[in-house]
Amino acid sequence: MSWKSEVDEIKRRRERAMLQGGDASVQRQHDKGRLTIRERIAALIDDDSFEEIGKAAGASERGENGEFLDFTPANFVLGFAKIDGRRIIVGGEDFTLKGGSPSPAGLRKSVYAEDLALQYKMPLVRLHEGAGGSVGGSGGPSLPGPVFSPSRFKSVGQTLGTLPVASAALGAVAGLPAARLVSSHFSVMSKSTAQLLVAGPAVVERAMGEKLTKDELGGAQVHTRNGAVDNAAEDETEALAQIRRFLSYMPNNVWELAPAISCDDPVDRQEEALIEIVPRERRRAFDMRRVLSLILDRDSFFEMGKGYGRSQITGLARLNGHVIGVWANDGRHLAGSMTADGAQKAQRFIELCETFHIPIVAFVDEPGFMIGSKAEQQATIRHGARTVITAAMTTVPWASVMVRRSFGVAQAAHYGPDAYVLAWPSAESGPLPVEGGVAVAFRREIAAAEDPDAKRQELEDMLAARQSPFPRSEALAVHELIDPRETRPMLCKWLDRVQGQLPHLLGPRTFALRP
């Protein structure tokens, strides 16, 4: 007697699992320009590195005599893998089975993904295309124990404080997968194939009377502007590449430091263009992303959230091979002022860096909080104060480069505790920008002048001279007043000095209640 018949059944189950929803379902997926979940995982990870968990999970069909007839695999694929030689947990819905709407076993596997990542303290990658439950139910036999439990959301929350989580929307994503997608440190949508939806067009039309396509309702152009998703990608291939790149800056968990790499970009590189990149005409904007490209390790800046809170620039980069978080102002959008959405974007990014002990470098051109009726309606002061307090509560090293303006309460968010502050000759700082201060303080004098515009300009020039960085340098209100071309060497030296502090910061980080 042997167990050959049972072993043969195991083999047949495994073979059936690899067929997913069958040839016709796989072809429909391809016809819509989308990969299957197994193809997505293969495109993301190092070759031949996938070690699947729960391939036998699913539902079997048996004959009257108990003989094995067929097997339907769980419609969630999960396992260990490697990216650039580093282990991760990766999983995602199988849209070729039940359109991604979870089967009991598929739901259990999806919930297990966070538990597995927490157990092994490895980065978690979710590749989403699917929905939550359906009105008709799952249609399969229930599994032992509670399939639906609030604990699943606890583990989702725990991962965010413990290990890097990156998610991609690669098709229509709704329900529980949608909540998981946005519960990530980095999220990306494929513009050509993905939508993120609380409810689909049919439900929205029935309940709200709005007739919209999936893309109009929840395409990348919607969710990269409202901040629900960080980045957009042209297609699935680019989305997966962005996840690989994001993880290259991340440690495996909060008990490890971000990985440093060898760097062939000279530490002492000084770019001539920096000395004239900021115009002397104070009202003229300049290209802050160009500034970053001239200072950071070449081609190392990975921007996150470009379409949202556009007055603020956030992303990960390297200096001499070491990972840093970069926060800068984009003066070409609303003069770089801190809007409600810009404040939320910056605050979330600061928390990312604090969670994973990544030093922050701020390039400051902050005119202050956005003003006007719309700003008041959006509670800009509350969101802005939250960002200021978040920065004040950080423990990671900060360096702040005063490129141009640094004004008002909003400027405080750009200087963490004990920040190393460098100032360019173009820097100007104070309680208010000159233009606003003059308009308020000298309103009557300007109105009474023979030439109000000339008087206003005279007063602005006079007060601008008082906001020069030279007196602040003399008073040690900044650490160094520097030639802009010296910025890269100075920052690299600073980053080398603070490396010894980072191991003392390891472990989970929490924030108290903020505004």
Side-chain angles (χ1 to χ4, degrees), residues 21 25 28-29 32-34 36-37 40 74-76 91-111 113-114 126-140 142 146-157 160 165 167-184 186-233 236 239 305 307-308 341 344 348:
S25 292
R28 282 195 295 272
Q29 184 82 347
K32 294 176 181 177
R34 302 197 297 267
T36 67
I37 181 57
R40 288 166 177 162
N75 58 351
F76 192 96
E93 295 83 16
D94 184 351
F95 200 79
T96 67
L97 286 158
K98 297 173 65 64
S101 185
S103 62
L107 178 59
R108 187 173 288 277
K109 286 179 75 174
S110 72
V111 172
E114 282 83 19
R126 308 190 195 99
L127 306 177
H128 287 301
E129 180 182 16
S134 62
V135 173
S138 62
S142 61
V147 172
F148 184 86
S149 168
S151 66
R152 78 177 63 168
F153 300 107
K154 180 178 180 179
S155 64
V156 170
L160 292 174
V165 181
S167 298
L170 303 172
V173 182
L176 179 59
R180 273 197 165 94
L181 174 73
V182 300
S183 301
S184 308
F186 174 68
S187 55
V188 59
M189 291 183 72
S190 164
K191 290 193 286 188
S192 61
T193 60
Q195 302 86 31
L196 171 62
L197 308 161
V198 174
V203 175
V204 169
E205 183 176 3
R206 176 70 173 171
M208 308 299 295
E210 296 179 286
K211 186 166 182 155
L212 301 165
T213 66
K214 280 185 179 181
D215 277 323
E216 290 170 338
L217 187 60
Q221 77 283 357
V222 175
H223 290 300
T224 54
R225 292 176 183 171
N226 65 21
V229 172
D230 295 308
N231 285 11
E236 293 192 26
Y308 169 67
D341 56 359
Q344 292 173 75
R348 182 170 176 265

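Computed over heavy atoms, backbone and side chain alike; hydrogens, waters and symmetry mates excluded.
Taking the side chain as every heavy atom from C-beta outward, Val203 and Leu197 never approach each other to under 4.5 Å. Considering only heavy atoms from C-beta on, Pro201 stays 4.5 Å or farther from Leu212 through its side chain. At a threshold of 4.5 Å between non-hydrogen side-chain atoms, the residues Thr193 and Lys32 do not count as touching. Looking at Phe76 and Ile37, their side chains never come closer than 4.5 Å, going by heavy atoms from C-beta outward.
For the atom pair Leu181 CG and Leu127 CG, the distance stands at 10.5 Å (nearest 0.5 Å). With rounding to the nearest 0.5 Å, the separation of OG1 in Thr224 from OH in Tyr308 is 12.0 Å. Rounded to the nearest 0.5 angstrom, Lys98 NZ and Ser25 OG are separated by 12.0 Å. Expressed to the nearest 0.5 Å, how far NE2 of His128 lies from OG of Ser167 amounts to 4.5 Å. Here the CG atom belonging to Leu196 is positioned 8.5 Å from the OG atom belonging to Ser187, to the nearest 0.5 angstrom.
In terms of heavy-atom proximity, Ala74 sits nearest to Gly106 at CB-N, 3.6 Å. When all heavy atoms are compared, the tightest approach of Ala172 to Lys214 is CB-NZ, 3.8 Å. Between Thr213 and Glu216, the shortest heavy-atom distance links the atoms N-OE1, 2.9 Å. In this structure, Leu170 and Ser190 approach most closely via the heavy-atom pair CD2-CB, 4.3 Å. Taking all atoms of both residues into account, the shortest heavy-atom contact from Met189 to Gly219 is CE-C, 3.9 Å.
No side-chain donor from either of Ser183 and Arg180 sits under 3.5 Å from a side-chain acceptor of the other. Between Gln195 and Asp215, the side chains place a donor N or O and an acceptor N or O closer than 3.5 Å (distance only, hydrogens not considered).
For Asn75 (side chain) and Ser101 (main-chain N/O), a donor-acceptor pair under 3.5 Å exists by modelled atom type. Side-chain atoms of Asn231 come within 3.5 Å of backbone N or O of Gly305 as a donor-acceptor pair.
With sequence neighbours left out, the side chain to side chain donor-acceptor pair (under 3.5 Å) criterion links Glu129 to Gln29, Arg34, Arg40.
Remark: Asp230 engages Arg348 in a salt bridge, criterion side-chain N to carboxylate O under 4.0 Å. Taking a cutoff of 4.0 Å between a charged side-chain nitrogen and a carboxylate oxygen, Arg126 and Glu114 qualify as a salt bridge.
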